[in-house]
Amino acid sequence: MSTSDVLETLAVADWSGPFSPEVQARAADALEAGKVVVLPGLEFDVDPCETPFLDPSVAGGDRKNISLDPGAATCDAVALDPAQSERLAALMRRFADHSEALVEGLIPAYRGHLERARTSFRPVEIAGRHYSPRHDDRRLHIDAFPTRPMRGKRILRVFTNVARDGAARDWRVGEPFEAYARTFAPKVKPAIPGSAWVMSSLGLTKGRRSEYDTLMLGLHDAGKLDETYQADAPKTPVAFAAGTTWLCFTDQVLHAALSGHSALEQTFHLPVDAMLKPDRSPLRVLERITGESLA
Ligand SMILES: [Fe+2]
């Protein structure tokens with residue numbers, strides 16, 4: 001795979017546009033086709049008085065990430081006092097607002113359908129850490145989360161690299177979703193009958209898992225745990241330079257984050273029917289492969 005198979009690079013320099021119809025069409029088509037849309041000219045401004053909050057120590061202890069839930073006044077940076085936590089939360093909320101304006105400006109059809117989810121700040125270097133294979137996002141994977149059933153909804157993420165030392169964020173991007181799903185879907189075991197209800201009732205999941213969620217979690221795990229696949233699967237290296245913003249449907253784009261620090265990340269959820277071409281969603285692809293209704 002060449003870089004142009006996995007990336008669509010657009011000349012965008014303003015978070016809120018306005019964007020030309022040509023840029024909008026290219027962004028929408030690339031995203032829904034499973035490419036990463038890269039915006040090398042779109043930097044997220046951090047005020048000089050905010051730069052102390054970019055230090056890896058703000059996460060506190062062994063923690064790697066800081067989270068801000070939509071509507072929350074403070075983030076969960078345990079090393080900060082409440083006033084500092086509010087200021088970092090304000091920075092993260094500003095990124096969330098910028099990201100929402102960007103997505104709605106690039107793809108006006110999503111306006112009114114995007115659900116703002118969590119904002120994350122990842123201040124700590126990825127390379128050199130130890131993870132179990134299932135939790136190691138340096139391995140190629142699609143995003144699927146055990147506690148958050150999506151029931152077919154899309155996961156759209158906006159990232160920006162705010163590293164002060166100029167460090168790039170290095171990814172690998174893998175093969176198209178359908179090829180990956182055709183390899184691994186037959187290996188995924190069905191859920192134990194009644195388990196989705198039990199997990200939901202016990203509060204282990206936020207809502208009940210559907211067959212779609214079981215399949216997506218199975219795809220996530222099977223790919224990450226397959227050493228031969230990780231070694232031999234097609235992958236394209238991509239370096240996101242400091243000052244670059246990029247976005248993709250991470251439930252569709254096979255990705256691995258190998259190194260880098262100081263990334264901000266905004267997650268949105270999107271109903272499949274709000275897509276311009278819902279047939280390209282993992283839900284519809286998996287329904288075609290299995291011949292079953294999965295949501
Ligand atoms: Fe991921």
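One-based numbering, in listed order, for ligands and for the atoms of each.
Taking both residues in full, the closest heavy atoms of Asp251 and Ile155 are given as OD2-N, 3.0 Å, listed atom of the first, atom of the second, then distance. Taking each heavy atom of Ser4 and Lys35 in turn, the nearest pair found is O-NZ, 3.2 Å.
Residues that satisfy the salt bridge (charged side-chain N to carboxylate O under 4.0 Å, His left out) test with Arg111, not counting sequence neighbours, are Glu104. For the side-chain contact (heavy atoms from CB on, under 4.5 Å) test, residues two or more places apart in sequence or in another chain that qualify with Glu211 are Glu292, Leu294. In this structure His261 satisfies the side chain to side chain donor-acceptor pair (under 3.5 Å) test together with Asp165, sequence neighbours excluded.
Taking 2.8 Å as the limit, the number of protein N, O or S atoms around the Fe ion (ligand 1) is 3.
Asp213 places a side-chain N or O within 3.5 Å of a backbone atom of Arg151 that can act as its donor or acceptor partner.
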